[in-house]
Structure formats: structure tokens, C-alpha cells
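Note sheet for the following structure.
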Amino acid sequence: MAKLVLVNSGRDYEYGVHEPLHLLVLAAYASKKGHKVAIADQIAGEDIFKKIKKLNPDFVGITGTTAVINEAYEISDWCRKNGFKTILGGVHVTVMPEEGLEHADYVVKGEGEEALIKIIEGKTKERIVTGNPITDLDKLPKINRDLIDTKYYQKGKDRNPGTHLHFVPPNTKLNSVLFTRGCPFNCIFCHNSWRGLKVRFHSAKRMIEELKELETKYGTEAVFFMDDDLLCHKPRIVEFCKLFIKEKLKIVWGCQSRVTMVNEDLLKLLKKANCKQITFGLEAGSQRILSMLKNDATTIEQNKKAVKLVKDAKILSCGSFMIGSPGETEDEIMQTKKFIIENDLDGFGATVTTPFPGTKLWEMCKKKKVIPQKIDWKNFNLNKLTFALTEISQKRMEGIKKEFLNLALKRNPGMSPKSILKISIKHPKKAIIRVIENPKSIITILKRLTNF
Ligand code: B12
């Protein structure tokens with residue numbers, strides 16, 4: 001039996017809106033194989049160094065997306081200096097294993113369950129271990145949320161009233177869930193464009209079991225499905241909704257999907273099963289840019305139709321957009337703004353187009369020779385231009401980003417200072433507790449007020 005600590009790396013508290021589900025899955029898998037596993041959560045504010053020293057594990061497994069990989073490397077370097085063996089895993093090192101190996105004893109590429117066990121049980125001599133994709137997700141053991149501070153994550157919306165979770169007010173106990181691996185589509189900016197993995201799902205029955213446990217054991221009032229496209233397999237989602245209604249679950253929920261997946265009948269059923277928000281990857285208001293980003297798969301007309309269908313079903317109709325895509329002009333970016341206003345979106349987010357390593361977009365940039373020699377991964381946070389993809393200057397881009405933020409403040413329910421104030425007046429005790437527990441939420445609100 002090995003002792004293992006899994007680390008969620010990153011110091012940006014704004015990332016703390018959703019729990020590290022990938023580490024919970026890995027922890028459940030390793031525990032079932034007889035290993036002793038703990039999670040140290042830097043994003044939730046834990047002193048991970050103290051925890052690692054105290055638990056004195058045989059291995060420290062560290063996760064990181066590109067945006068937080070510097071922190072992951074720092075942790076791994078520290079561990080090795082202090083005599084702990086480290087394993088790095090996650091999307092970033094899957095694409096950049098050699099870079100990861102400069103900081104760790106082992107690197108896991110791809111899905112980590114089996115590879116992790118091979119390493120901690122000493123069954124491999126390789127330092128870069130490629131994981132096999134799990135074929136039957138229901139065979140994975142159930143996750144144990146007691147390994148993390150579930151209450152901290154339930155307050156994610158309180159700390160960040162401006163998240164994409166528009167369907168609930170602050171003060172709602174909100175958790176996240178994920179029941180799909182992969183996505184049938186091939187958007188050029190997404191990790192699915194290089195993973196090339198078959199889409200796999202947990203069964204509707206398993207989904208209901210997890211939601212029931214959240215409701216009864218953790219008092220969860222709302223969940224967001226982190227699945228890339230929850231609605232992409234119609235029979236499963238129909239079965240899920242029917243079971244949800246039969247079991248009389250109370251949780252309200254939101255999800256992400258693709259515009260071609262919804263129709264009136266399905267939306268009626270989703271509404272009955274407490275669906276309150278659907279967010280589509282709408283990406284752009286210009287057909288030229290949309291076609292480039294989504295490989296010609298969707299049209300502006302389809303986007304408009306889906307947004308309206310969801311609104312008509314009395315479900316919040318939201319969208320995520322990308323600005324500053326390769327060759328995009330300011331005029332094209334303004335078409336995105338126009339789309340948001342004309343179609344009266346109930347909430348939206350607009351991030352700066354970021355070419356993550358490995359994606360088709362990254363390859364495009366490589367061909368165009370726009371990737372600089374020296375890259376700082378921390379800039380890959382979707383907030384700023386990582387390197388010039390358009391003729392628009394960094395300074396102008398910041399101005400445009402601000403314009404979109406102001407628009408979001410006006411449109412996103414629950415995000416405007418007015419609605420935060422309204423909720424605080426309605427629940428004064430809760431508001432005071434929230435500020436005492438999360439003084440940083442005041443900064444977020446003040447930032448919003450001054451931006452108006
Ligand atoms: C949930 C989620 C979030 C949550 C929580 C993220 C977290 N790290 O805990 C929130 C909303 C906070 C978030 C934020 C961000 N996210 Co996010 N997110 C996701 C999402 C939808 C699901 C992640 C997940 O649980 N997947 C399921 C698990 C099973 O897969 P997995 O994460 O790949 O983990 C497996 C392997 O990678 C490996 N593994 C992972 N870690 C480790 C560690 C060890 C030791 C081992 C052995 C193996 C291993 O084993 C796991 C099990 O098989 C993915 C898309 C997706 N569907 O995967 C994007 C995704 C991970 N996010 C992405 C991005 C860009 C971000 C942000 C930068 C965006 C932003 N500015 O807000 C931030 C970064 C925050 C952070 N902490 O890193 C990108 C990452 C691209 C990249 N190259 O890094 C993804 C891939 C989506 C995309 N656009 O392609 N995200």
C-alpha cells in the first residue's frame with residue numbers, strides 16, 4: 001500500500017468555483033486499489049506544503065492546466081527538494097511531457113487512473129507513462145467529496161458573484177458534477193481537438209445516484225454539469241430527466257451544450273427536470289470566425305434559433321464567446337456584441353481566444369510562426385492576448401474586453417451590483433457572514449462597481 005497526496009495547484013481564488021473532480025476520481029480509483037489517499041487543495045486556500053510534510057506520503061501527484069502549470073512546477077520542485085517523489089498529470093503535461101519531466105519524477109499523459117497505479121505500485125520503469133482511456137465510466141468507483149472542503153466549493157458563487165452560474169443567486173449551495181469524457185465535436189480551440197478520444201458517458205442511473213447523495217449528504221441545492229456537452233446523447237439525457245422527475249429530486253441545475261442538440265420537446269422535459277440554464281458555445285457573431293473556430297459545424301442562424309428556443313422554454317439562455325480569434329477584425333468582434341444584444345442573451349462570458357498547446361489552433365499559430373520562443377504559461381488564462389493573432393493591439397484588446405465586461409455586468413442576472421445589493425438586503429445575516437468568510441468577494445464586487 002502506498003501513501004499518496006494529490007495536489008490541486010493554483011493560487012487564484014477565482015478558480016475556486018468548481019471542485020477538482022479529476023482529483024476526486026483519481027483518489028477514488030487509488031483508494032479502491034488499497035492505497036491511502038489525501039487531497040491537498042491550494043486553490044481552496046489550504047497550506048499544501050504543511051499538509052504534505054505532515055502526511056509524509058510516498059508520492060505526491062500534482063495536477064495543472066496550462067494557466068496554473070507554473071504553480072504546479074513550483075510545488076513539484078519543492079516536493080523533490082524535500083525528498084518526496086512526484087507525479088505530474090493533467091492536460092498541460094499530456095501535451096508537454098518533456099517540459100513536465102524537468103520538474104517531476106514521473107509524468108502521466110492522458111487519463112490518469114491506470115497509469116497512476118502503475119507508478120505507485122512500482123510496475124513501470126518509464127518516467128513518462130501513457131494512461132489508457134477508461135472505457136466503461138460506470139466501473140469507476142464513486143467519488144468521496146469528504147476528501148475536499150465541499151463546503152468551500154458550495155460557496156463558489158458567493159466568492160465570485162460574476163461566474164457563469166447565472167441560474168442561482170449567491171447563498172446557494174452549489175456543487176459541480178461531470179458525467180462525460182470527451183465530446184463528439186472538434187472545435188479548433190478545445191482539448192478535444194487533439195485528444196481524439198471516444199465519447200464516454202456515465203449512465204443516467206449513476207448520475208441520479210450522485211445527485212441524490214449531494215442532496216441528502218451535503219445539502220446541495222444546485223449543480224452545474226461540467227460535461228462539455230451534456231445533451232449530446234439524447235437517449236441518456238431523456239432517461240436522466242425521467243428518473244430525476246420520478247425520484248422527485250429538488251436540485252436545480254445548469255449545463256453546457258451545443259446549439260444543434262435542443263428542440264422544443266427536449267426543452268420541455270429538461271424544464272420539468274429542474275434545468276434552469278443552458279450555456280451554448282456560441283463563440284462569435286461573425287459567420288467567418290464561427291466557421292473557423294468550429295470547423296464549419298454551426299451557423300449564426302442555428303445559434304439564434306437555439307437561443308430563442310431555450311428562452312421560450314423559460315430556461316436561462318446563455319452563451320460563451322471568444323474574442324480576438326486569428327485574423328478577426330474589430331468590426332467582426334462588434335458583430336459578437338451585436339449578437340448578444342439582439343438575441344437578448346440571459347448571461348454570457350467572453351474570453352480572449354487562447355491557443356492552448358496541442359490544439360488545432362496552436363498548430364495554426366505554429367504554421368503562421370506567431371508563437372514566441374519564450375512563453376509564460378500563466379498568461380494562458382483566457383483574459384489577455386497570449387500572442388498576436390489579430391491586427392488589434394494589446395491595449396485596444398484590453399479596451400474591448402472591458403466593453404464586454406460592462407455589457408456582461410448589465411446582462412448577467414445576479415451579477416450586477418444592484419442585484420447583489422438586493423440579495424444582501426434580503427439576507428443581511430448571510431451577507432455579513434459571506435463577507436467575513438470571504439473578504440475577497442468585496443474586492444470582486446468593488447471591481448464590478450467601479451467598472452460600471
Ligand atoms: C471542470 C473544469 C474546470 C473547473 C475546475 C478545474 C480544475 N482543474 O479543477 C474550473 C471552472 C475552475 C476550470 C477553470 C479553468 N479551466 Co477548465 N475545465 C474543466 C473541464 C470542463 C473538466 C475538467 C475535468 O474534471 N475533466 C474530467 C477529468 C476526468 O479529466 P481531466 O481533467 O483531463 O483529468 C484526467 C487526466 O488529465 C489525468 N490527470 C489530471 N490531473 C492529474 C494529476 C495526476 C497526478 C495524474 C496522475 C493524472 C492526472 O487524469 C484524470 C483522470 O483521468 C475541462 C474540460 C474537460 N471536459 O475535461 C476544462 C479544461 C481543463 N479547462 C481549461 C481551462 C483553459 C481552464 C482555465 C484556464 C479557464 C479560466 N481562465 O478560467 C481555468 C484554469 C483553472 C485551473 N485550476 O487550472 C482547459 C485546459 C486547457 C489547457 N491546456 O490547460 C480545458 C481542457 C477545457 C478546454 N478549453 O479545452 N476548469
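Residue Lys366 qualifies as open at atom NZ: its count of foreign heavy atoms under 6.0 Å is 12 or below.
The shortest non-hydrogen separation linking Ala115 to Gly131 is CB-CA, 3.9 Å. Closest non-hydrogen pair, Gly319 versus Leu282, comes out as CA-CD1, 3.8 Å. Here the shortest heavy-atom pairing between Thr390 and Ser325 reads CG2-O, 3.0 Å.
Taking the ring axis of Phe280 as reference, the NZ or CZ atom of Arg258 does not stay both within 45° of it and closer than 6.0 Å to the ring centre.
Checking side-chain atoms of Thr94 against main-chain N and O of Gly90 turns up a donor-acceptor pair under 3.5 Å. At distances below 3.5 Å, not a single donor-acceptor pair connects side-chain atoms of Thr354 with backbone N or O atoms of Phe356. With hydrogens and angles ignored, the 3.5 Å screen pairs no side-chain donor or acceptor of Thr172 with any backbone N or O of Leu174. Although no hydrogens or angles enter the test, the distance criterion places a donor-acceptor pair under 3.5 Å between the side chain of Ser31 and the main chain of Ala27. Side-chain atoms of Trp377 do not come within 3.5 Å of backbone N or O of Thr65 as any donor-acceptor pair. Looking at Gln256, its side chain never comes within 3.5 Å of a backbone N or O of Thr279 through a donor-acceptor pair.
Between Leu230 atom CG and Thr180 atom OG1 the span is 6.0 Å, to the nearest 0.5 Å. Going from atom CD of Gln373 over to atom CD1 of Ile375 covers 8.5 Å, rounded to the nearest 0.5 Å. Here the straight-line distance linking atom NZ of Lys118 with atom CG of Asn132 works out to 6.0 Å at 0.5 Å rounding. Atom-to-atom distance recorded for Glu213:CD and Ile208:CD1 is 13.5 Å, nearest 0.5 angstrom. Atom CG of Leu147 is separated from atom CG of Leu23 by 10.0 Å, given to the nearest 0.5 angstrom. The CD1 atom of Ile117 sits 8.5 Å away from the CG atom of Leu26 when rounded to the nearest 0.5 Å.
Contact check on Lys205 versus Asp138 returns no salt bridge, with no Lys/Arg side-chain nitrogen under 4.0 Å from an Asp/Glu carboxylate oxygen. Salt-bridge formation is not detected for the pair Asp47/Lys50: no Lys NZ or Arg NE/NH1/NH2 atom is positioned less than 4.0 Å from an Asp or Glu carboxylate oxygen. Checked for salt-bridge contact, Lys378 and Asp376 meet the test: a charged N lies under 4.0 Å from a carboxylate O. A salt bridge links Glu111 with Arg181; the closest basic N to acidic carboxylate O contact falls under 4.0 Å.
Within the 4.5 Å cutoff, no side-chain heavy atoms of Met322 are placed close to those of Val352. Within the 4.5 Å cutoff, the side chain of Tyr106 has no heavy atoms near those of the Pro97 side chain. For the pair Asn82 and Lys53, the minimum side-chain heavy-atom distance is below 4.5 Å.
Applying the ring-ring contact (aromatic ring centres under 6.0 Å, His included) test to residues at least two apart or on different chains, the pairs with a partner in residues 17-47 are His18-His164. Among residue pairs with one or both ends in residues 56-84, those qualifying as salt bridge (charged side-chain N to carboxylate O under 4.0 Å, His left out) are Arg11-Glu74, Arg80-Asp105; sequence neighbours excluded.
Judged as a salt bridge (Lys or Arg N to Asp or Glu O under 4.0 Å), and not counting sequence neighbours, Glu215 has no contacts.
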Quiz item: What's the verdict on salt bridge (Lys or Arg N to Asp or Glu O under 4.0 Å) for Glu403 and Arg396, showing C-alpha distance, side-chain angles and the deciding distance?
Solution: CA-CA 11 Å; Glu403 272 180 48; Arg396 179 65 197 123; 3.3 Å; yes

Quiz prompt | salt bridge (Lys or Arg N to Asp or Glu O under 4.0 Å) evaluation trace for Glu46 with Lys54 | solution = CA-CA 13 Å; Glu46 257 191 282; Lys54 188 173 160 218; over 6 Å; no

Practice problem: Just do the ring pair (Phe, Tyr, Trp, His ring centres under 6.0 Å) check on Trp78 and Phe49 with the steps written out, would you? | Solution: CA-CA 8 Å; Trp78 178 91; Phe49 301 107; 4.8 Å; yes

Exercise. Test Glu19 against Asn175 for side chain to side chain contact (heavy atoms under 4.5 Å, CB included), laying out the working first.
Key: CA-CA 7 Å; Glu19 46 273 62; Asn175 288 106; 2.9 Å; yes

Quiz item: What do the steps show when you test Glu210 against Lys142 for salt bridge (Lys or Arg N to Asp or Glu O under 4.0 Å), and what is the final call?
Solution: CA-CA 8 Å; Glu210 192 166 327; Lys142 272 176 32 184; over 6 Å; no

Exercise. Mind running side chain to side chain contact (heavy atoms under 4.5 Å, CB included) on Ile289 and Glu283 for me, showing each step along the way?
Key: CA-CA 8 Å; Ile289 300 296; Glu283 321 309 354; over 6 Å; no

Quiz item: So His166 and Asp346, side chain to side chain contact (heavy atoms under 4.5 Å, CB included) or not? Walk me through it.
Solution: CA-CA 8 Å; His166 307 298; Asp346 295 314; over 6 Å; no

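Looking only at atom types and distance, the side chain of Asn383 has a donor-acceptor partner in the side chain of Lys401 under 3.5 Å away. Checking Tyr73 against Glu102 by side-chain atom types alone, no donor-acceptor pair falls below 3.5 Å. With 3.5 Å as the limit, one finds a donor-acceptor pair spanning the side chains of Asp41 and Asn8.
The only option from Phe225, Phe201, Phe179 that meets the ring pair (Phe, Tyr, Trp, His ring centres under 6.0 Å) definition with Phe240 turns out to be Phe225.
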